[in-house]
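Atoms within each ligand, like the ligands themselves, are counted from 1 in listed order.
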Amino acid sequence: MNLNDAKKKLADLGQEHLLRWLDELSDTEQESLLDQIDALDPTLLDVFRSYKGDGEAARGKLEPLGALTLNDIAENRERFENAGLDAIRQGKIGAVLLAGGMGTRLGFDKPKGMYNIGVNRPLYIFECLINNLMKVVEKAGAFVPLFIMTSEKNDEDTREFFEEMKYFGYNPEYVHFFVQDMAPAVDPDGKILLEEKGRIATSPNGNGGWFTSLVKAGFLNLLQREGIEWLNIFAVDNVLQRIADPCFVGATLLSGCDCGAKVVAKADPEERVGVLCLEDGAPSIVEYYEMTDEMITRREPDGTLSYNYGVILNYLFQVSKLTDMMNDAMPVHVVNKKVPFVDDAGVLQKPSSPNAYKFETLVLDMIHLQKSCLSYEVVRNYEFAPVKNPDGVDSVVSARALLQENGIEI
Ligand code: UTP
């Protein structure tokens, strides 16, 4: 894009300030800034203009969706597990590690997976995940292809770390990295921020774009060539994460559902988790702040909460359904976060509280694009130890305790 076109685009969008430091930039930096302006997606600014705060989205008719409970699963474990192990041995199952997030709440400046959760020995978050996946590999006698989504901000560090750690014993031939897209951040007035005088402040555009990014990186051919029919998507920050869990895989495949979601029974009615339910007859996830009091307290005849099952970011999607829905629009969420920026005096500011808004699509919205979803209950303390914060709820401290509870030396 040339300077005149950039000026015109920015004037139309009310973002002329992005060129304010142009004279101080080298030729290469100027060229790079013009490219960034060219790549700006104006629709995100429209999204921001119509943003009214959390819970803004209008919802359809919400109804409870039960789950395949722990008891149901125990009664069928052998049948489910055998079906899952067969699918893994036939190479039909791949796994996708979502590791493109910034992990701002943890406040660790490297990729979250590089965080050492160990106390008396080094035990990295990535290592916990690979150890869990290796258990499946050993049981099945077959490697599960693992796709790792990074972002521009952490791709190099992540790849180097896996190399340095020799993939924690995983076969590197089965590990494939791909980089997700970025989106600009805006201040409360909708002005796009600069993180350097010649660089727009961008951050990863949420975990909902993972399949599009996987395809963009050229991996659809590999999926089709290798006959990978299902992908197990999971978050980097749950150190007890069971990946390609044969029982879950088998139960989902045998259920005939379009997709599967691991869920945990709520610890209490008020717990702040997204709950798997039905929206206009299709599976959907309702956030805690979108639930009415009636929904929060409603109970089934057997006494269990009607909206009882919280998602833990572990889903099984069918590749054919994902390719069908690739062009379907996903809602863009606006989130308030801390974003470093260059201020009016040209000085870099590192805010200590949320100062800006980012744009994200979310993997949970992909669930609503499926016709049916197997809600699959897991034991919370055995499968869910999220590391979001340094201490308190969902933290390094709580995750360490849960690792120990599960007999893992830390
Ligand atoms: P979170 O919602 O916890 O976001 O991500 P985050 O960016 O990692 O952390 P905070 O909110 O800044 O503290 C849930 C999962 O989705 C991945 C994360 O890496 C994590 O596995 N994710 C999130 C992406 O892969 N890309 C994104 O753009 C956002």
Are the side chains of [X] and [Y] in touch, meaning some heavy atoms are under 4.5 Å apart?
X: Val186; Y: Leu44; result: no
X: Leu194; Y: Ile200; result: yes
X: Lys388; Y: Lys112; result: yes
X: Glu383; Y: Gln241; result: no
X: Phe219; Y: Gln224; result: no
X: Leu106; Y: Val396; result: yes

Relative to the ring of Tyr51, is the ring of Phe48 parallel (under 30°), tilted (30 to 60°) or perpendicular (over 60°)?
-> parallel
Just need the protein heavy atom nearest to [atom], so name the residue and atom and give the distance.
atom: atom 24 (C) of ligand 1; answer: Gly101 N, 3.2 Å
atom: atom 3 (O) of ligand 1; answer: Lys388 NZ, 2.7 Å
atom: atom 16 (O) of ligand 1; answer: Asn207 ND2, 3.0 Å
atom: atom 25 (O) of ligand 1; answer: Gly100 N, 2.9 Å
atom: atom 28 (O) of ligand 1; answer: Gly206 N, 2.8 Å
atom: atom 17 (C) of ligand 1; answer: Leu98 O, 3.7 Å
atom: atom 12 (O) of ligand 1; answer: Thr104 OG1, 2.5 Å
atom: atom 4 (O) of ligand 1; answer: Arg105 NH2, 4.3 Å

Looking at the rings of Phe126 and Phe168, which for Trp means the six-membered one, are their centres under 6.0 Å apart?
-> no
Taking only heavy atoms of Met149, which atoms of ligand 1 are found under 4.0 Å from at least one of them?
-> 25 (O)
Where ligand 1 meets Asp237 - atom numbers and elements under 4.0 angstrom, heavy-atom basis | 3 (O)
Hey, what do you get for CZ (Phe147) to CD1 (Ile233), rounding to the nearest 0.5 Å?
-> 10.0 Å
Candidate pair Asp187 and Asn355, rule side-chain hydrogen bond (donor to acceptor under 3.5 Å, both in side chains), full reasoning = CA-CA 7 Å; Asp187 72 9; Asn355 62 311; over 6 Å; no
With heavy atoms only and a cut-off of under 4.0 Å, state how Leu313 meets ligand 1: side chain, backbone, both or neither.
->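 Leu313 to ligand 1: side-chain contact only, backbone stays beyond 4.0 Å.
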Heavy-atom distances under 4.0 Å are what count here, so tell me which part of Ala99 touches ligand 1: side chain, backbone, both or neither.
-> backbone
Is Val236 close to ligand 1, meaning an N/O of one under 3.5 Å from an N/O of the other?
-> yes
Does Met102, backbone or side chain, put an N or O under 3.5 Å from an N or O of ligand 1?
-> yes
Closest candidate by heavy atom, reference atom 11 (O) of ligand 1, pool Lys338, Lys337, Lys358 =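 Comparing heavy atoms across Lys338, Lys337, Lys358, the nearest one to atom 11 (O) of ligand 1 lies in Lys337.
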